[in-house]
**Student:** 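Below: one structure in structure tokens.
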Protein chains: 2
Amino acid sequence: MEQTIIPDIIVGRLPVYLNMLQHLSAENVQVASSKELGDLMGISAAQIRKDLSQFGEFGKQGRGYSVVYLISELQNILNLNQVWELAIVGAGSLGRAIANYPGFKHNCFKVSMLFDSDPKIIGSRIGEFVVKNPETMDFEIRNSGIKIAMLTLPASVAQETAEKLVNSGIIAILNYAPISLKLPNGIHVQYLNPVQNLQHMTYYLK
Amino acid sequence: MEQTIIPDIIVGRLPVYLNMLQHLSAENVQVASSKELGDLMGISAAQIRKDLSQFGEFGKQGRGYSVVYLISELQNILNLNQVWELAIVGAGSLGRAIANYPGFKHNCFKVSMLFDSDPKIIGSRIGEFVVKNPETMDFEIRNSGIKIAMLTLPASVAQETAEKLVNSGIIAILNYAPISLKLPNGIHVQYLNPVQNLQHMTYYLK
DNA sequence: CATTGTGAACGGGTTCACAGCA
DNA sequence: TGCTGTGAACCCGTTCACAATG
């Protein structure tokens, strides 16, 4: 059915829709129209309908979308019917905070490993994790089959570490380090950089 | 000169360019062509030239762009010639990690205040900050003239807290809470949500 | 009768291609 | 010669508008 390739910009909005639907579901909302959803998210109703129509017909004319049904369809589309294990590389304060962030486990993600190159903390316990030695990283990741890593280390070592991760079988990286990664085609990278978000906003201030 | 309104999508790329240029500058690179920059960032050379041409003529034909000069122009455009003070609301592990993140001070941002509603930690010291009582938030923020806040608290209280911040004079919010904020026009909001970034990538996995 | 799904129209962002210039 | 700056062409994402429908 879905022979055409879906624009990445549409894929990127699906998690936004899913998040909003989960909030509505938590408030026991049963049905929502594209107009209601759009108003809540600041997106046009037409865009929501068009986006969803790329994947199937999930709504009912005159009624709207069943919240729980649309949630399950979006989870299906986004491959969220399994638990995705995560490796965190970098156990500084940010890496630790993320390791203990409760939001992952409620969304089909599970932090499984935490690496850091600092000999002073290798082997020590952080929350429920024992900090692992990066020298064992290749074996650990390859062996576990983990596909997703989060990079929370200084920019200076982010590129080389990302390359090692890719060589170990990682195919998706969420990069918190403030640097552009140069990686082979087929490797998915997303960037989280608060400084860039702030700089984007300061353009409009003053 | 710049009478036309600049598309937000272009503004959002300027911090990316700036970041790359700062890395090049740190490596003592003097000049870079749009092609070199594009290759480094995975962006087309034409796009970089077109984006920059919205703001002026910063390059030299046959040579490229002076790295330090382009950095200073971009900082100018993005209003980074002043220190922007930040308030963090929510002193959980994420808020604490961000409060001590060294990347801000090297980029014209300075965390000035840290709020949390937990009576057990109000008044306690976290790094160089004393956790402040949210009841004093309106006074503190209005008094200091802080314009930017970072929200690092649970989704359940993010909306009401954001509204309070806006009433206190905040006009830009970097929201780490996993929820869409509904705020008046003119308030700038950027979202950081690792779960959504991960879900975006899992679409392409398996 | 309200709302979906969708072709068509629209608009705007990206790429192209080249004149202009150091 | 090499690279910028930029109008024009192109492409793609968004909005429009309405037939279809529970």
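Every chain is numbered from 1, with letters handed out A, B, ... down the list of sequences. Note that the coordinates shown come from a computational prediction; the quantities given were computed from them, not determined experimentally.
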**Student:** Just jot down the side chain to side chain donor-acceptor pair (under 3.5 Å) partners of Gln159(A), sequence neighbours excluded, or say none.
**Tutor:** Glu163(A)
**Student:** List for me each residue that meets side chain to side chain donor-acceptor pair (under 3.5 Å) alongside Glu140(B), sequence neighbours excluded, and say none if there are none.
**Tutor:** Lys132(B)
**Student:** Name all pairs fulfilling the salt bridge (Lys or Arg N to Asp or Glu O under 4.0 Å) condition that reach into residues 185-203 of chain A, sequence neighbours left out, sorted by first residue then second.
**Tutor:** none
**Student:** Find the bend of the helix from dC1(C)-dG22(D) to dA22(C)-dT1(D) as the angle between its two terminal axes (five pairs each), to the nearest 10°.
**Tutor:** 20°
**Student:** Enumerate the protein-to-nucleotides 18-22 of chain D contacts in which both atoms are nitrogen or oxygen and the separation is below 3.5 Å.
**Tutor:**
| residue | atom | partner | partner atom | Å |
| --- | --- | --- | --- | --- |
| dT21(D) | O4' | Gln61(A) | NE2 | 3.2 |

**Student:** The criterion is side chain to side chain donor-acceptor pair (under 3.5 Å); which residues satisfy it with Asp39(B), sequence neighbours excluded?
**Tutor:** Lys35(B)
**Student:** Short of 4.0 Å, heavy atom to strand atom, which residues of residues 21-40 of chain A count as contacting DNA chain D?
**Tutor:** none
**Student:** Listing request: all salt bridge (Lys or Arg N to Asp or Glu O under 4.0 Å) pairs with a residue in residues 11-22 of chain B, at least two apart in sequence or in separate chains.
**Tutor:** Arg13(B)-Asp51(B)
**Student:** Nucleotide range of DNA chain C contacted by chain A, 5' to 3', under 4.0 Å to a heavy atom?
**Tutor:** dA2(C) to dA8(C)
**Student:** The criterion is ring pair (Phe, Tyr, Trp, His ring centres under 6.0 Å); which residues satisfy it with Tyr101(A), sequence neighbours excluded?
**Tutor:** Phe104(A)
**Student:** Short of 4.0 Å, heavy atom to strand atom, which residues of residues 64-75 of chain A count as contacting DNA chain C?
**Tutor:** Gly64(A), Tyr65(A)
**Student:** Considering only residues two or more places apart or on different chains, which pairs with a residue in residues 91-115 of chain B satisfy salt bridge (Lys or Arg N to Asp or Glu O under 4.0 Å)?
**Tutor:** none
